[in-house]
Number of protein chains: 4
Amino acid sequence: MDFVCYYLINHLIDRRESTYMLDDADKQGEKAYTTHGDERKRSLVLAAYQLIAERGFEELRTREVAKRAGVNIATLHYYFARKEDLIAEVVAYLLALFRSMGVEEGEMEDATPLEHLRLMFLSLQKSTQESPEMFVVLAELVLRSLRDHSIQSALLQMDDEWRKYLRWVIGMGIGQGEFRQGLDVEKTVDEIIVILKGATYHQIATRREVDFLGFLEDVKRILTSPE
Amino acid sequence: MDFVCYYLINHLIDRRESTYMLDDADKQGEKAYTTHGDERKRSLVLAAYQLIAERGFEELRTREVAKRAGVNIATLHYYFARKEDLIAEVVAYLLALFRSMGVEEGEMEDATPLEHLRLMFLSLQKSTQESPEMFVVLAELVLRSLRDHSIQSALLQMDDEWRKYLRWVIGMGIGQGEFRQGLDVEKTVDEIIVILKGATYHQIATRREVDFLGFLEDVKRILTSPE
Amino acid sequence: MDFVCYYLINHLIDRRESTYMLDDADKQGEKAYTTHGDERKRSLVLAAYQLIAERGFEELRTREVAKRAGVNIATLHYYFARKEDLIAEVVAYLLALFRSMGVEEGEMEDATPLEHLRLMFLSLQKSTQESPEMFVVLAELVLRSLRDHSIQSALLQMDDEWRKYLRWVIGMGIGQGEFRQGLDVEKTVDEIIVILKGATYHQIATRREVDFLGFLEDVKRILTSPE
Amino acid sequence: MDFVCYYLINHLIDRRESTYMLDDADKQGEKAYTTHGDERKRSLVLAAYQLIAERGFEELRTREVAKRAGVNIATLHYYFARKEDLIAEVVAYLLALFRSMGVEEGEMEDATPLEHLRLMFLSLQKSTQESPEMFVVLAELVLRSLRDHSIQSALLQMDDEWRKYLRWVIGMGIGQGEFRQGLDVEKTVDEIIVILKGATYHQIATRREVDFLGFLEDVKRILTSPE
DNA sequence: TATGAATGAGTTTTCATTCAT
DNA sequence: GATGAATGAAAACTCATTCAT
């Protein structure tokens, strides 16, 4: 459960089946498997996603979602019996968005551990600046997760995937001698995650640009300098 | 505007006039200047604060606030014409809470800069664990601040006070030779703030205990180790 | 219009043309003149009939009718433009059910009047116990008939047929000397009808078994004992 | 649970406490114990009662109830959180109406059993003709009771009170020699109830005037003539 | 014929706010 | 000051019906 996103390596995690195949995936030449109904659902979910980013859950109104998607309110309920069902799909959509930030299989096959980290920092910086709404919606979900178990477990799982990936990168770095021997892997994972969550949250909240690469330098020092 | 709290040194900042004189301050022997009406207001604000922590703004209902404060809904509106007025007072109350976390004037008169930082980390850790609702309400306010200018400026100001204090501590550390010469003060302030925001947010969101002192070690390394 | 059913002698009443040829009739060897559409209609009417018995008109939903009949809601409207049209057919179906309770032509050719009455009481008892839903739906229709003229006249006609039959039986009984001379036919018809309506309604409403034959004894006393 | 009403002798049954003190009772000189809120509630219940009689549960709309009572729909919900709560009060109101049909304590102190029965038949006849809506609403409730347990038990209780009273009257008649010895009390109670239910139901459904006193003659024959 | 999709008009219910006392 | 009562406006959700295919 968490504020900052998950960083994906395809071969490391099980991509759960999801309705949300993101644009890049869509472009991958598959035939049109999306029915008309799927399109409608997607446009409703997208509208809800945007409205949550703009107005928060507090002011999320089904009527507005329907209007933005260009359909009647009854049509919305044709696809999503309850408002909660729509929100659940927004959660799935957001998770897919974050997962799609990860690198594609084969893409970084011979990258060094540090290059992995560098990509992680850079891609988070890019998203934070170019798609801040992702993090706003995430923050909304984090607060909702305090009361909603299903959201809580979805976010926790995303966090776990992220940790798993970081553990793998750090372990590799230690094995290859790039990182210091005797590094406390679990502690280091925590440090990286806390820094990245802090950086994105700080940027979203203050709208000040945060220097992600500067933070990467600090992380490098932790990873390499002797105790 | 911000997630993590502000760390106060009384002589450094201008304490804005506020209805919220917290308990410690209250005890300071002033005569009972609080009228019956002030008590009522305070109990309403407290009830609202708790309900926001428990249910979020999304499910904050004036009737419930009134009920928890033990008064009629019309009485609530006697004191707070609009719901927003009540929320504004909750904001003021929360800021006062955070400000009260700071040290009292004279208390740390001859502390070293590192001792200042250490206290900051420890008191945030304590609050995060003992009064998590403070950070939950803060997170709710952060999201609201994206749409509400008055909240935004209140939070920004709190952030600024915090930065000012950190600048002062770091500057002092450099001057006294405790911290490395040539340290980029502004960058370091950012780093500390990002780490503390990340740490508190991570703890609230995942309910895992975060090791604040571990992070203090990282900060020390930044402050002392040569580039 | 009425609660209790009509007791039919085929040669006494004009069987109105109706889509509802009940099972016994169906078996009578006619070739399959029912088209596919008729089958669909019948299954929809049957589903509606059951749902009215189970949930009442208050909770009768066309979608549920369609679902139970295994067709799409649009298909239902293909056959029945309005919900009312479907209900009209349910009325026709129920009347056919009640009429089918009567004896077949020739079946009781040389039965005595008392035997006629006995059969009437017994067959109502049987139906009330084995097919209570018939009477539940009838009760629903009776209430609707207070606002719906077409239902009202259908029920009134059924009552009339019943009265006509009873008049015939009683007249025959007087003529043959089985019943007392000077019997007020119209009043006696009323008495029998009221008793049978009361008995079925009481049984449906309280779920207690009612002793129909006990009531037949009372009726016999009325029919035979001197004033 | 039942169609026809309950016949009350005050000293025989426990009058359950009820919000509904009917007009006669009201007139009994008590001081104005009804608050403003009680009046509002009563007027809403009355409006609902009338609308159920006119349109049935099927078409009962809270908005119409509110309009008829001359209040805003939100006011209705101020008094009755859910529609069902309003309906529950209508049930209580109707039961009170039926109970008020009974004779007052002391009124028939030295009446003979037959006079008791005669009054019962006459007062039911009067109500059926003058206040048919009572029986219409009762019929609506009977149907609802098939799905609603609380209504079911309320109606069953009313039936029980009625039976208890009839048992008492018949027992008294046998004891005084007015009715035949060896009469099966339980069976006779059933007969009277079935006849009265049948009579009222028949009258409501067909709008034909039913001769209650004629039925009383039949009952007398049952009560007095030898087997 | 049959249906998935869509919708207008309504339904109950909620909620911040107001008003008379 | 304080409150019980009242309300307008809106919320989520429903349902018979229609339409394009």
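Labels below follow one simple rule: chain letters A, B, ... track the order of the sequence lines, proteins then strands, and each chain is numbered from 1.
For D:Arg61, the salt bridge (Lys or Arg N to Asp or Glu O under 4.0 Å) test picks out no residue, with sequence neighbours left out. Scored by the salt bridge (Lys or Arg N to Asp or Glu O under 4.0 Å) test, D:Arg82 finds no partners at all (sequence neighbours excluded). Annotation: salt bridge (Lys or Arg N to Asp or Glu O under 4.0 Å) contacts of B:Arg40 (sequence neighbours excluded): none.
Of the residues in residues 52-61 of chain A, those with a non-hydrogen atom less than 4.0 angstrom from any atom of DNA chain F are A:Leu60, A:Arg61.
An OP1 or OP2 oxygen of F:dA6 is reached within less than 4.0 angstrom by a side-chain nitrogen or oxygen of D:His36. Listed pair C:Thr62 / F:dC15 fails the phosphate criterion, with no side-chain N or O lying under 4.0 Å from OP1 or OP2. Within the 4.0 Å cut-off from OP1 or OP2 of E:dG4, at least one side-chain nitrogen or oxygen of C:Asn72 is found. Taking side-chain N and O atoms only, C:Arg40 has a distance below 4.0 Å to OP1 or OP2 of E:dA2.
Comparing atom distances between the B:Ile73 side chain and each of E:dA9, E:dT14, F:dA5 picks out F:dA5 as nearest. Here F:dT7 is the nucleotide among F:dT7, E:dT13, F:dA12 with the atom lying nearest to any side-chain atom of D:Tyr78. Set against F:dG1, F:dG4, E:dG10, the side chain of B:Tyr79 has F:dG1 as its closest nucleotide. When each of E:dT18, E:dT13, F:dA16 is scored by its nearest atom to the side-chain atoms of D:Arg63, the top-ranked nucleotide is E:dT13. Taking every side-chain heavy atom of C:Lys83 into account, F:dT17 is the closest of E:dT14, F:dT17, F:dC13.
Test A:Val90, A:Val71, A:Thr62 against A:Leu44 for side-chain contact (heavy atoms from CB on, under 4.5 Å) and you get one pass: A:Val71.
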- Message: Counting Watson-Crick and G-U wobble pairs with both distances under 3.5 Å, what is the dot-bracket string for DNA chain F, 5' to 3', using [ ] for crossing pairs and | for pairs to another strand?
- Response: .||||||||||||||||||||
Pairs under 3.5 angstrom, nitrogen or oxygen only, protein versus nucleotides 19-21 of chain E, please.
none

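In terms of position along DNA chain F, the nucleotide closest to B:Val71 lies nearer the 5' end than the nucleotide closest to the other residue of the pair A:Arg82 and B:Val71.
Looking at C:His149 and C:Gln152, their side chains do bring a donor and an acceptor atom within 3.5 Å of each other.
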